[in-house]
Amino acid sequence: MDASDEIAPDVRSILSAARDRGGASGTVDVTARSLSAAFDRAERDGRVPTITEVKPTSPTTEGRHDGDPVELATAMVENGAAALSVLTEPEHFGGSPETLARVRAAVDVPILRKDFVLHEAQLDVVEADLVLLIVRFLEEDGTDDLEDLIDAARDRGFQVLVEAHARSEVAAAVDAGAEIIGVNNRDLAKLDVDLETFESVAPAVDDDVTLIAESGIETPADVQRMRAAGADGLLIGSAIMDGDVAANTQALTTPTETPNQ
Ligand SMILES: O=C(O)c1ccccc1NCC(=O)[C@H](O)[C@H](O)COP(=O)(O)O
């Protein structure tokens, strides 16, 4: 299937750039830091298990965050992030594999490589603790098969976060062997963000899957809403990057009580 005409022009451009990016010649051998252990530690410390994203820019962000990624990452970890997501996509998100390597060397939490991996050799570009595989993108013609890529990533020692947006994509992720699934509230067809996506998709996910709510989480109320809908963890980018990163991380990883109505 080639569904590229059903996705937003910016996303089509992301896909096209991802197709053009090469891989690496060698094969990485990763000793991964465990995401579930990091989430357990956060829960024990009374923090919301959160992957905060070092996201310099994006197609839906105005301008670019010029802060040093290592300083931003350190501030996130010191203020409650259980794990980090680091963009390595250069053209649309201002990321790089070198940035991820620097961040991973500077902190001790698990690092998700945030990129648009379509082929096995692209897994070998940089070591990380988790890689992202997006069901929607891997349904495109000329990409590797999701199950094969999950196996190839695990063979290298990576944990795998498989991203879905609809119940049918969750089913595809589970069939392919996914153990960590992210439900993206951002629709890659229109780039709209709607937290109801997670609420409607989450009930289709079995309890033995680690379930992560991604995108559009901006306030402590949103955090509470995603947790109430069944999120084991959250992935938050823009709302952390926009402004005071330390204060934002603290505000979104510290649970709040709902006031009595
Ligand atoms: O963030 C974008 O503008 C974007 C556009 C097109 C494809 C993907 C995009 N984002 C990828 C992500 O998954 C988010 O960076 C991540 O979930 C954090 O989202 P947010 O908290 O809304 O920044």
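When a ligand or atom number is given, it counts from 1 through the structure's own listing order.
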Neighbouring residues of ligand 1, heavy-atom cut-off under 4.0 Å: Val11, Ile14, Glu53, Lys55, Ser58, Pro59, Thr60, Phe93, Lys114, Asn184, Arg186, Leu188, Leu191, Glu214, Ser215, Gly216, Leu235, Ile236, Gly237, Ser238

For residues 33-42, which side-chain donor-acceptor pairs fall under 3.5 Å, sequence neighbours excluded?
from	atom 1	to	atom 2	distance (Å)
Arg33	NH1	Val107	O	3.0
Arg33	NH1	Val109	O	2.8
Arg33	NH2	Arg104	O	3.0
Arg33	NH2	Val107	O	3.4
Ser34	OG	Ser36	N	3.3
Ser34	OG	Ser36	OG	3.3
Ser34	OG	Ala37	N	3.0

Side-chain heavy atoms of Phe137 within contact of Leu15, under 4.5 Å: yes

Point-to-point distance, once rounded to the nearest 0.5 Å, from CD1 of Ile217 to CZ of Arg225: 10.0 Å

Distance in Å, Arg227 CZ paired with Asp232 CG, rounded so as to fall on 0.5 Å steps: 7.5 Å

Residue among Asp10, Asp192, Leu191, Val193 satisfying side-chain contact (heavy atoms from CB on, under 4.5 Å) with Thr60: Leu191

side-chain contact (heavy atoms from CB on, under 4.5 Å) partner of Asp129, the single match among Leu84, Ile111, Leu112: Ile111

